[in-house]
Amino acid sequence: MTTTPPALQHRHQWRGVIEEYRSLLEIPAGTPAITLREGGTPLVHSEWLSGLTRAEVWLKVEGDNPTGSFKDRGMTAAISVAKHAGAQAVVCASTGNTSASMAAYAAKAGLKPLVLVPEGKIAAGKMAQAILHGAQVIMVRGNFDDCLMLAKGLAWEYPVALVNSVNPVRLEGQKTAAFEIVDFLGDAPDYHLLPVGNAGNISAYWLGFSQYAQLGLATKTPIMRGFQAEGAAPLVTGEPFPDPETRATAIRIGNPASWKLAEAARNESGGSFQSVTDDQILSAQRDLAAHDGVFVEPASAAGIAGLLQELAGGESYAGSTVVVTVTGHGLKDTATALEGFASSGQSLVDTVIDADVTAAAVAAGLA
Ligand SMILES: *Cc1c(COP(=O)(O)O)cnc(C)c1O
């Protein structure tokens, strides 16, 4: 009898989204993958939301990616293609996560990362990531939309490659999340809910679900429902927001780059765009953490807030399969999470005691 050495039992490490799905991605043949083994994220069953909806509700936990958000899926593709094409430097506009991801993949690729962010609106965790990965960070007196205009202008006039989701290669990488969902569930879900900011992600998911259906790898495509923050809801109102405002900084975008693609995803899937308030978002963030053990950043909870709002409004999901993508990790922005917790009227720390068992037992209500 032979036994397999422990090291060999682990040789099937997930290879990252390019190598796992290369034949389904439109990237130049032979592009070497620059990867941190992104993707392969868990689909976690939510007992809490399944109970509320009388449906099967799954969370696609994208905070489990290498830099803590789904942006890594698109970034492995964009950086691999830019490197292969001979780029020396890459630029992006960002509300935080794109810059964190770009800086990490640029470090791995040996490219120089240049980041444009709105002054004072970046969560501390995301800023720390960009800086530690070696990005040159430029703060702009303006919002994300202004930053994107500058990034496009720089890439147009100077030798830097633009890796925002206006770069179609980003969507090629990001659509792999839809493939993973179908691969895991065995078919597409009935509904797919997610937060929407610049609208690249909803467009990429729709590409992925549609491609799988065309290939016969799924029997259907889901109804797509996108949720925006009330203060930054251009896809809901149909008009750009000149001064977008929300605590959910990752979706604080007034004029989404993928507006047309996102509308097509809504129309072709029979879906909708709806808005939720910051209070609903922060409350959904707390409830998800407390019920399901999944800690997400504020923007990531918009899909959960949306589902709860729909249920309160009498919408029924009973009997269906629902996937809610939670887009980024809660540790990126602990300040907003704790402020939200405190503003719900709860105290952060229950009691302060001396180091004494009896005192601890009394404080805990055990004695
Ligand atoms: C980028 C981002 C979003 C918004 O995705 P879009 O593709 O811009 O619509 C939502 N949540 C998080 C955590 C993000 O980083």
Side-chain angles (χ1 to χ4, degrees), residues 38 41 59-75 78 92-102 104 117-118 121-123 125-127 129-130 143-145 147-148 163-168 170-171 173-175 177-178 192-208 224-229 232-236 244 246-263 265-266 273 276 281 284-285 288 294-306 324-333 336-337:
E38 62 295 316
T41 56
L59 307 168
K60 182 67 169 160
V61 183
E62 290 289 277
D64 282 28
N65 276 297
T67 77
S69 85
F70 74 84
K71 299 298 198 300
D72 294 341
R73 296 177 181 277
M75 207 51 77
C92 73
S94 180
T95 60
N97 282 331
T98 300
S99 53
S101 183
M102 184 190 78
V117 293
K121 298 292 180 182
I122 303 297
K126 302 174 188 181
M127 188 62 109
Q129 287 178 289
N143 58 36
F144 170 84
D145 306 282
C147 294
L148 183 56
V163 299
N164 279 104
S165 57
V166 292
N167 177 340
R170 280 274 306 278
L171 303 194
Q174 283 176 204
K175 74 185 182 185
H192 185 235
L193 280 58
L194 75 170
V196 174
N198 210 27
N201 209 29
I202 192 168
S203 306
Y205 268 103
W206 184 243
L207 267 178
M224 306 290 291
R225 292 189 173 160
F227 295 91
Q228 300 202 288
L235 289 163
V236 180
T246 168
R247 308 289 304 281
T249 50
I251 53 173
R252 185 174 168 271
I253 293 174
N255 193 6
S258 297
W259 192 310
K260 289 277 168 287
L261 287 173
E263 279 186 343
R266 176 198 59 193
F273 292 114
V276 286
I281 288 173
Q285 178 193 31
L288 186 68
V294 176
F295 185 28
V296 303
E297 69 167 277
S300 306
I304 308 289
V324 188
T325 293
V326 286
T327 42
H329 205 289
L331 289 175
K332 285 182 173 269
D333 184 6
T336 306

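Bear in mind that the values here come from a model prediction, so they are computed numbers and not experimental data. Atoms within each ligand, like the ligands themselves, are counted from 1 in listed order.
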Side chain proximity check, K175 to R73, heavy atoms < 4.5 angstrom: no

Atom indices of ligand 1, in the order listed, that fall short of 4.0 Å to a heavy atom of G328: 13 (C)

For G200 against L171, the heavy-atom pair lying closest together: O-CD2, 3.3 Å

Side chain, backbone, both or neither: I251 near ligand 1, heavy atoms under 4.0 Å: side chain

Note, F144 side chain near N198 side chain (heavy atom, < 4.5 Å): yes

Validation row: Q285, F295 side chains within 4.5 angstrom (heavy atoms): yes

Side-chain H-bond candidate by donor/acceptor type, T327 with E62, under 3.5 Å: no

Min heavy-atom dist S300 to ligand 1 below 4.0 Å: yes

Option with minimal heavy-atom separation from atom 7 (O) of ligand 1, where the choices are I253, T98, T327, N201: N201

Subset of ligand 1 atoms that lie under 4.0 Å from at least one heavy atom of V196: 9 (O)

Sub-3.5 Å N/O-N/O distance, G200 and ligand 1: yes

Donor-acceptor contact below 3.5 Å, side chain N164 vs main chain V166: no

Selection from V296, N198, T325, T249 by shortest heavy-atom distance to atom 8 (O) of ligand 1: N198

Residue pair K71 / Q174, side-chain donor-acceptor N/O under 3.5 Å: no

Nitrogen or oxygen atoms of F70 and ligand 1 under 3.5 Å apart: no

Nearest-neighbour protein heavy atom for atom 2 (C) of ligand 1, which is reported as residue plus atom name and distance: K71 NZ, 2.5 Å

Heteroatom distance test (E297, ligand 1): nitrogen or oxygen, under 3.5 angstrom: no

Derivation and outcome, side-chain contact (heavy atoms from CB on, under 4.5 Å), residues M224 and I202: CA-CA 8 Å; M224 306 290 291; I202 192 168; 3.8 Å; yes

E62 contact mode with ligand 1 (heavy-atom cut-off under 4.0 Å): neither

